[in-house]
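For ligands, and for the atoms within them, numbers begin at 1 and follow the listed sequence.
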Amino acid sequence: MKVAIASDHAGLGMKEEIVGFLKEKGMDVLDYGVDNPESVDYPDYGIKVARAVSKGIVERGILSCGTGIGMSIVANKFPNVRAALCNDMFTARMSRLHNDANILVLGGRTLEKDVALLMVDAWLKTGFEGGRHQRRLDKIKELEKGIFNNKEGEQLCQT
Ligand code: RB5
C-alpha cells in the first residue's frame, strides 16, 4: 500500500515518527514535507496529500498539524477524500470500519507519539464494514457530485 504523508511545523515531530515507523514496516511512503521546523501554512501541505488521495495516486494519506483540525478541514474539501481527525484507538478503528476513511489526521500537539503509532498501525490494518455504511458513503458521494460539478471544483483537483 502506498501512503502519502505531510505535516506543518507543529506536526513535524509526529510525521517523522510515523515515516520511520512505516518505512520499518517496508511501506511505500510519499513524504510531501515539511522537513524543518520553520513556521508554514498547513493548507499548503495538506493539499498535497489530499490531492494525491483524491486522484488515486496513493490509497491512503496521513496528515498532522498542531491539533489536526486545520488539516482535516483542508483535506475534506477534496472529492473522494474522507479525512478523519482521530484522537484515540477507538476513533482510528471506527474511521475505517464505518467511514472508510482514506486520510488519517493526527494532532502533533495533542497525541502521545506511542499512541499515535498504535493508531496508525490499527488504521492501516482495519477494513471497511460496508453494508449500511456504504449506503451512507454513497450519499456523501452524491453530495460531492453536486459540489464539484463546476469550474472551481475542477480547478482544485488539478495538479
Ligand atoms: C499552527 O500553530 C497551528 O495552528 C496548526 O498546526 C494547526 O493546529 C491548525 O489547525
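Of all the atoms in ligand 1, the ones that sit under 4.0 Å from a non-hydrogen atom of G66 are 5 (C), 6 (O), 7 (C), 8 (O). Listed by number with element, the atoms of ligand 1 under 4.0 Å from a non-hydrogen atom of A10 are 6 (O). Heavy-atom contacts of G70 reach the following atoms of ligand 1: 9 (C), 10 (O) (cutoff under 4.0 Å).
From the protein, the heavy atom lying nearest to atom 6 (O) of ligand 1 is D8 OD2, 2.6 Å. Annotation: atom 1 (C) of ligand 1 to nearest protein heavy atom, H9 NE2, 3.7 Å.
Between Y42 and ligand 1, not a single N/O pair is under 3.5 Å apart.
For residues 21-38, the set of pairs meeting the side-chain hydrogen bond (donor to acceptor under 3.5 Å, both in side chains) definition, not counting sequence neighbours, comprises K15-D31, K25-D121. Sorted by first then second residue, the ring pair (Phe, Tyr, Trp, His ring centres under 6.0 Å) pairs that include residues 89-129, not counting sequence neighbours, are H98-H133.
Distance remark: protein heavy atom not present below 4.0 angstrom from atom 4 (O) of ligand 1.
Assignment of R109 to the shell around ligand 1 is supported, since a heavy atom sits closer than 4.0 Å.
Under 3.5 Å, the side chains of N80 and K141 contain a donor-acceptor pair of N or O atoms.
Note on E142 versus K139: no salt bridge recorded, every NZ/NE/NH1/NH2 to OD/OE distance being 4.0 Å or above.
Proximity annotation for atom 7 (C) of ligand 1: of G46, C65, S39, C65 comes nearest, heavy atoms only.
The proximity of T67 to ligand 1, defined as any non-hydrogen pair under 4.0 Å, involves the side chain as well as the backbone.
Note on L85 and L137: separate hydrophobic clusters, where clusters join Ile, Leu, Val, Met, Phe, Trp and Tyr whose side-chain heavy atoms are under 4.5 Å apart, directly or indirectly. There is no path of hydrophobic side-chain contacts, each under 4.5 Å, that joins V105 to M119.
At a threshold of 4.5 Å between non-hydrogen side-chain atoms, the residues V53 and F78 do not count as touching.
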